[in-house]
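Okay, structure first, notes after.
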Number of protein chains: 2
Amino acid sequence: MGIREQKMARTRRLISEKAFELFTCNGYQQTTIEQIAVAAEVGPRTLYRYFPTKETLVVEFVRTSLFDALEELHAQPVAPLPVALNTVIGRVLDVMATDPARVLAVYDISGPNGSVRAQLGDVLWSWRDALAAEVAQRLDDPSDRVTAQLTAALAINVIEVVVRSWVNSGGTADMRTLAAETTALLRDGKIPVPTPDQA
Amino acid sequence: MGIREQKMARTRRLISEKAFELFTCNGYQQTTIEQIAVAAEVGPRTLYRYFPTKETLVVEFVRTSLFDALEELHAQPVAPLPVALNTVIGRVLDVMATDPARVLAVYDISGPNGSVRAQLGDVLWSWRDALAAEVAQRLDDPSDRVTAQLTAALAINVIEVVVRSWVNSGGTADMRTLAAETTALLRDGKIPVPTPDQA
DNA sequence: GGACATCGTGGCAGTTACTGCCACGATCTT
DNA sequence: AAGATCGTGGCAGTAACTGCCACGATGTCC
């Protein structure tokens, strides 16, 4: 990696950190792009090249966590689908557990703010699509998009519920344990499924 | 309903219709709030009182479809949970089938545009929370939030997959049939579930 | 039916996120 | 060492959104 890329990586991290500082300290709405630029000692124009929107500053950590874990699944040789799904979920949670404070911060910020919460949802949406594509390849019928979509959706539901429970616990619970409990519910058919009314 | 409320309802619908006309005709990004205001013969300031953000103009149809259907569930007397879920899903799809062109338009617009797609996701998110609250009341253990969340998530997944398939079919398929097929997959355990790797 | 209270309307000025354009200077290549 | 490449950032501009305020239409009370 050349000097150029190193500097850019450093600048990127610096911007991200300063942004989180200001967000958690003064609030998301109250913090302006220019303030972040000043704090990171770059021009606003430069900041926009690293993070195209203000929401990106908050959401990017989650995005990379998800897609990094997915890439590992892609590289991995063939494995039974249910096990592979369990592995991906574990990877995602592990990466997030790397920086628990940031996870909590993301939730604090995105909770009251509509556009950030929405962007967070969009990250999950696009990740679900990517996961569904990965799932389809390992299905008996790779053209069965409905099954692939539902499978991916299920996996992301588990992640969402686990992270949510974890956040509600204030970050004290163990994500792996929560995940195990949650998937067990699904496997044991403890979750009600829509059923037509026919006697 | 007084004259005032009637006028407001009319203005609201007029703004919404003109907005969709311009969006589908000239594109979302290319259409400005002021253009919509001129087309609807109101001041921009007034338009903002009806629709606080530009995205709202696109998303509001989906939001009302979802929450109207949920309200009916709330009013309904006790029914077996699986049947109730099936009913809600049917209601939502019925309401959407009321105006198929608009559903297709919403997808066309939100597809390429990040912020609109995100807002759409946020609507689903908030609806899932509301549905989860409704589900919890009908659970043996109303404090079991994990089960409630997963159940609601499952229902919304079905809706998403069905609408998506329907859109992909160009609006020719029958939503009810698609829904029946999808829920059948879930009931029959045809969807792979994350499973730990233990011999 | 008329006077007063209520409330939607919309114009104006201002903030802020974001973009295209362009010149400068630092890094990389040969 | 000289030239090509590329990140940086200033400047001007657009458009989404907001607070404030006055006007006029609707609702209410006598």
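In what follows, chains are A, B, ... by sequence order, proteins preceding strands, each numbered from 1. Everything numeric in this text was worked out from a predicted model, so none of it was measured.
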Practice prompt. List the steps and the verdict of salt bridge (charged side-chain N to carboxylate O under 4.0 Å, His left out) for A:Arg176 and A:Asp94.
Written response: CA-CA 8 Å; A:Arg176 294 252 189 99; A:Asp94 281 354; 2.8 Å; yes
Worksheet entry | Given DNA chain D, 5'-ward residue of the pair B:Lys54 and A:Met8, judged by closest heavy atom | A:Met8
Worksheet item: Between A:Thr46 and B:Ile33, which is nearer to the 5' end of DNA chain D once each is assigned its nearest nucleotide?
Response: A:Thr46
Nucleotide N/O of nucleotides 24-28 of chain D paired with protein N/O under 3.5 Å:
residue: D:dT26; atom: OP1; partner: B:Lys7; partner atom: NZ; Å: 2.7
residue: D:dT26; atom: O2; partner: B:Arg4; partner atom: NH1; Å: 3.4
residue: D:dG27; atom: OP1; partner: B:Ile3; partner atom: N; Å: 2.9
residue: D:dG27; atom: OP1; partner: B:Arg4; partner atom: N; Å: 3.0

Discussion item. Do B:Ser16 and B:Arg102 pair up side chain to side chain, a donor and an acceptor below 3.5 Å, judged on atom types alone?
Written reply: yes
Worksheet, complete the sentence: Output field dot_bracket for DNA chain D (Watson-Crick or G-U, both distances under 3.5 Å, | for other-strand pairs) contains ||||||||||||||||||||||||||||||
Worksheet item: Would one find more than 12 heavy atoms of other residues, nucleotides or ligands at under 6.0 Å from atom CD of A:Glu72?
Response: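 Enclosed: over 12 neighbouring heavy atoms sit under 6.0 Å from CD of A:Glu72.
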Worksheet entry | B:Arg91 atom CZ, neighbour heavy-atom count above 12 within 6.0 Å |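 Open: at most 12 neighbouring heavy atoms sit under 6.0 Å from CZ of B:Arg91.
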Item to complete: Look at the side chain of B:Arg45 and the base of C:dG8, then say whether one donor and one acceptor between them are separated by less than 3.5 Å.
Response: no
Worksheet entry | side chain to side chain donor-acceptor pair (under 3.5 Å) contacts touching residues 17-42 of chain B (sequence neighbours left out) | none
Worksheet item: Are any of B:Tyr48's side-chain N or O atoms less than 4.0 Å away from OP1 or OP2 of D:dG19?
Response: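 Answer no for this pair, as no side-chain N or O of B:Tyr48 is under 4.0 Å from OP1 or OP2.
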Discussion item. Looking at A:Thr32, I'd like to know whether one of its side-chain N or O atoms comes within less than 4.0 Å of OP1 or OP2 on C:dT16.
Written reply: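 Indeed not, no polar side-chain atom of A:Thr32 lies that close.
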Discussion item. Check for me whether A:Arg164 meets the cation-pi criterion with A:Tyr107, that is, NZ or CZ under 6.0 Å from the six-membered ring centre and within 45 degrees of the ring axis.
Written reply: no
Worksheet item: Touch check for B:Phe51, heavy atoms < 4.0 angstrom, all strands: base, sugar-phosphate only, or nothing?
Response: nothing
Practice prompt. Mind checking B:Thr31 for me? I need base, sugar-phosphate or nothing, with any heavy atom below 4.0 Å counting as a touch.
Written response: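 Sugar-phosphate: the residue B:Thr31, judged by heavy atoms under 4.0 Å, touches backbone atoms but no base.
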